[in-house]
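For clarity, every value in this text was computed on a predicted model and none was experimentally measured.
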Amino acid sequence: MEAVNEPVRLMEIEKELAGPQREAALARYDAVLSALAKRIDAAMKAGLPPDEFPRVDTLREANTIARKILRLTVRVDGEAQKA
């Protein structure tokens with residue numbers, strides 16, 4: 001059932017990031033991703049079993065990309081709205 005709700009949630013996030021409160025939405029979502037990055041870094045520093053390392057490293061990369069996309073989305077929407 002969760003998969004059915006995900007597209008709706010993603011659309012809500014997209015609307016928030018394009019709306020007048022986009023900076024506040026960016027800060028909220030980036031805080032979540034930043035907290036995840038800190039947890040990933042802590043786990044990697046503490047040491048991971050060899051079979052878990054590739055998955056956690058992939059998650060770290062995906063999180064970094066998600067933060068970049070989040071910032072680009074807000075910047076592009078913000079510039080588009082000013083034009």
Side-chain angles (χ1 to χ4, degrees):
M1 183 111 192
E2 187 67 28
V4 174
N5 292 330
E6 285 304 312
V8 173
R9 180 69 182 135
L10 290 175
M11 289 174 61
E12 290 172 9
I13 291 170
E14 185 177 354
K15 286 179 185 177
E16 283 183 79
L17 293 173
Q21 299 296 319
R22 65 183 161 270
E23 293 298 327
L26 168 65
R28 273 194 329 273
Y29 293 117
D30 192 56
V32 171
L33 294 172
S34 178
L36 177 58
K38 289 176 185 172
R39 289 174 47 207
I40 291 169
D41 289 343
M44 292 181 94
K45 285 180 185 176
L48 296 169
D51 62 324
E52 288 184 22
F53 184 84
R55 292 187 306 210
V56 174
D57 191 47
T58 300
L59 178 60
R60 181 185 58 80
E61 290 176 24
N63 190 59
T64 299
I65 292 168
R67 291 183 79 190
K68 289 178 182 180
I69 290 171
L70 181 65
R71 289 185 189 102
L72 286 171
T73 299
V74 171
R75 184 173 16 173
V76 168
D77 283 345
E79 289 176 5
Q81 289 180 2
K82 292 177 187 175

Approximate separation, where rounding is to 0.5 Å, of Leu17 CG and Ile69 CD1: 12.0 Å
Ignoring hydrogens, what is the shortest heavy-atom contact between Ala37 and Asn63? Give both atom names and the distance. CB-ND2, 3.4 Å
Kindly compute the distance separating CD1 (Ile40) from CG (Leu59), expressed to the nearest 0.5 Å. 3.5 Å
Heavy atoms from other residues, nucleotides or ligands near CZ of Arg39 exceed 12 (cutoff 6.0 Å): no
Which salt bridge (Lys or Arg N to Asp or Glu O under 4.0 Å) pairs, counting each pair once, include a residue from residues 58-68, with sequence neighbours left out? Asp30-Arg67, Asp57-Arg60
May I have the step-by-step check of side-chain contact (heavy atoms from CB on, under 4.5 Å) for Lys15 and Glu12, ending in yes or no? CA-CA 5 Å; Lys15 286 179 185 177; Glu12 290 172 9; 5.8 Å; no
Spacing of Leu36 atom CG and Asp41 atom CG [to the nearest 0.5 Å]: 9.5 Å
